[in-house]
Amino acid sequence: MTNEFNIAANLTRTAERQPDDVAIKLDDFTLTWSQLDDATQRLATFLADQGVGVGDRVALSLPNVPAFPVVAYGVWRAGAVLVPMNPLFMGREIDYYFEDAGVKLAFGMAGEMAKAAEQKSVTFVEVGDDQLQSLLAKFEPTSDIVERDGSDTAVILYTSGTTGRPKGAELTHDNLEKNQDVTARTLVEVTSDDVVMGCLPLFHVFGLTCAMAVSVSRGATLTLLPRFEPTKALEIIERDSVTVFEGVPTMYQAMLAAAAKAPEVKLASLRTCISGGSAMPVEVLRKFEERFDATILEGYGLSETSPVASFNHPNAQRKPGSIGTPIEGVEMKVADLDGNPLPVGEVGEVAVRGHNIMKGYWNKPEETAKAIRDGWFYTGDLAHQDEDGFYFIVDRSKDMIIRGGYNVYPREVEEVLYEHPEIAEVAVVGVPDEHYGEEVAAFVVRTEGSNLDADAVKAFAKERVAAYKYPRHVTFIETLPKGATGKILKRELRPQ
């Protein structure tokens, strides 16, 4: 039995319902719903002209600008698969995405992506400034939306792998539709009267689903900030009467600090805030709610869960420091090594089952089979549950570092540093940081006779990975601590 559904249909429905309402805003620039829909129709015509068809992968590397939703919904309208990428990526990172996903065409800014596309024979479309608008003007709109089954892949989002190489989580049209619907209906309670602020990167699953897809389906205005800056964020909330703000804990901390210097800032329009990405310090939550009279709802999710799995629900008991309870249509459990549920209070691995679970890892059937067992997705995160059914994350069994809301995979940085001729051994870990939540730290064993210094290590990494990934702390040690099996004991590493 087929379930024909294309996530792009939500945009057309909203454009028919409220054509002249503002859909997307970036400072003084606005797009109405009819203009946004028209732009995606023209983009679909352009993609057909370029030979992009059903299931072809199209990369998109942009900050939060109006071109992002235009390209995303145009790609889906054409029946193709979106591959979002961080615009801060360097050549080797882009190359990996292009090769692994088999990207046919890429939208982005000139620079690293253009060079990588040329080397990999990928068609590159520059979309800086007014270039996309000029390009689309040459093509006629098409009202067609390519039929897709709900189980067909809509987006490939890359995430951590135990091998150190990111894996592409395949999210389907149904995954996105159901997750945005539950988020909009039961959690954030978004309507066409709302103004949602898009500070979270739209290339990340949190921003893609909870900001962009929710706004499009409900007809709420999405106001964008390409690069988070706390004072600017406060200005936009006041200027655009933002009602829903979505961010990571470091954003709330930064906005509180900025507001402390501006007592006149009230944010009177702000109703609901949602926080994810890492644990929200209880004191930050309390101070923010007190200062702005807005509710912060903490949740939990991953790229593989579309992303929302659990939430502190509105109009119900909330527990600061908790990731809440499972969302509608989703089950969770704390499991032992055999997948059996553990009793209240005991720590085990979080497993999730429901409509939000990815189709699998792109072209990685073995990795998929390890992660999804009997319909349960095993997250690698450790938690316990209390007597009220609330979940509390205690650790990440994966060594991922979350720096300012961006995921940094230590193995990837280690692989780069191992390329340095004067580095014998290296281990990368996350260390607490007041501003970013976590910072990247490298512990380096130099080769014999080397006088390598910290600045040289940082510069070497900075040339090879995105700016948020290179280690800000470098500590030189004689030897890395290891266990009986030779495994590096990262928990014993502390930067000087």
Side-chain angles (χ1 to χ4, degrees), residues 3 5-10 60 69 72-73 75-76 81-84 101 148-160 166-188 190 196 198 200-218 246 248 274-277 297-311 313 323-333 350-362 364 367-368 371-372 375-381 391 393 398 400 405 407:
N3 164 32
F5 176 72
N6 186 324
I7 192 82
N10 285 344
L60 173 56
Y73 279 85
V75 167
W76 289 329
V81 176
L82 188 71
V83 184
R148 302 297 278 144
D149 189 81
S151 63
D152 288 331
T153 303
V155 60
I156 299 175
L157 287 155
Y158 279 81
T159 184
S160 170
K167 303 187 290 273
E170 290 185 76
L171 301 184
T172 66
H173 287 268
D174 271 353
N175 284 151
L176 294 181
E177 171 63 7
K178 289 176 179 172
N179 208 249
Q180 71 78 18
D181 176 61
V182 170
T183 300
R185 237 182 344 98
T186 70
L187 305 176
V188 193
V190 172
V196 176
L200 293 162
L202 299 180
F203 59 76
H204 186 277
V205 67
F206 193 177
L208 185 88
T209 301
C210 300
M212 185 176 76
V214 163
S215 297
V216 168
S217 75
R218 300 291 150 168
E246 301 175 355
V248 294
I274 64 174
S275 178
L297 302 173
E298 279 191 271
Y300 167 78
L302 309 96
S303 297
E304 293 94 335
T305 60
S306 303
V308 188
S310 67
F311 229 75
H313 291 65
I323 57 167
T325 55
I327 64 167
E328 179 185 294
V330 169
E331 298 171 79
M332 282 171 57
K333 66 179 177 181
V350 179
V352 185
R353 180 166 70 179
H355 54 66
N356 58 340
I357 302 303
M358 66 171 179
K359 188 176 182 174
Y361 292 118
W362 172 255
K364 289 184 170 55
E367 297 278 5
T368 301
I372 303 174
W376 289 93
F377 170 70
Y378 287 81
T379 65
D381 289 333
Y391 287 78
I393 296 287
K398 298 169 185 172
M400 186 174 74
N407 296 348

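With sequence neighbours left out, Ser151 forms a side-chain hydrogen bond (donor to acceptor under 3.5 Å, both in side chains) with Asp149. A search for side-chain hydrogen bond (donor to acceptor under 3.5 Å, both in side chains) contacts involving Asp181 returns Arg185, Arg218, not counting sequence neighbours. Qualifying side-chain hydrogen bond (donor to acceptor under 3.5 Å, both in side chains) partners for Thr368, counting only residues two or more places apart in sequence or in other chains: none.
Side-chain contact between Phe311 and Ile274: present, with at least one pair of heavy atoms (C-beta onward) separated by less than 4.5 Å. Between Val308 and Cys210 the shortest side-chain heavy-atom distance falls below 4.5 Å. Between Asn10 and Phe5 the shortest side-chain heavy-atom distance falls below 4.5 Å. With a 4.5 Å cut-off on side-chain heavy atoms, His313 and Leu187 count as touching. You'll find the side chain of His355 stays beyond 4.5 Å of the side chain of Asp174, heavy atoms only. The closest side-chain heavy-atom distance from Leu202 to Pro84 is not below 4.5 Å. By the 4.5 Å heavy-atom criterion applied to side chains, Arg148 and Ile7 are not counted as neighbours.
Pairing each heavy atom of Ala154 with each of Leu176, the nearest pair is CB-CD1, 3.9 Å. Considering every non-hydrogen atom in both Ala371 and Tyr361, the closest pair reads CB-CE1, 3.8 Å. Counting all heavy atoms, side chain and backbone alike, Met212 lies closest to Tyr73 at CE-CE1, 3.8 Å. Leu82 approaches Ala72 most closely through the heavy-atom pair CD2-CB, 3.8 Å. Across all non-hydrogen atoms, the minimal contact from Ala309 to Met332 is O-SD, 3.9 Å. Closest of all the heavy-atom pairs between Gly324 and Ser310 is C-CB, 4.4 Å.
We find the OG1-CD distance between Thr209 and Glu177 to be 11.0 Å, quoted to the nearest 0.5 Å. How far CG of Leu208 is from CG of Leu60: 9.5 Å, rounded to the nearest 0.5 Å. Distance check, rounded to the nearest 0.5 Å: OH of Tyr391 to CG of Asp381 gives 13.0 Å. Going from atom CD1 of Ile357 over to atom CG of Leu171 covers 10.0 Å, rounded to the nearest 0.5 Å. The CD atom of Glu331 lies 10.5 Å from the CG atom of Asn356; values are rounded to the nearest 0.5 Å. The structure places OG1 of Thr183 at 8.5 Å from CD of Glu246, a figure rounded to the nearest 0.5 Å.
With hydrogens and angles ignored, the 3.5 Å screen pairs no side-chain donor or acceptor of Asn6 with any backbone N or O of His173. Checked by atom type and distance alone, the side chain of Ser217 pairs as donor or acceptor with a backbone atom of Val214 at under 3.5 Å.
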- request: Give the intermediate values and the outcome of side chain to side chain contact (heavy atoms under 4.5 Å, CB included) for residues Thr153 and Trp362.
  value: CA-CA 10 Å; Thr153 303; Trp362 172 255; 5.7 Å; no
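A donor and an acceptor atom, one from each side chain of Glu328 and Thr186, are nowhere located under 3.5 Å apart.
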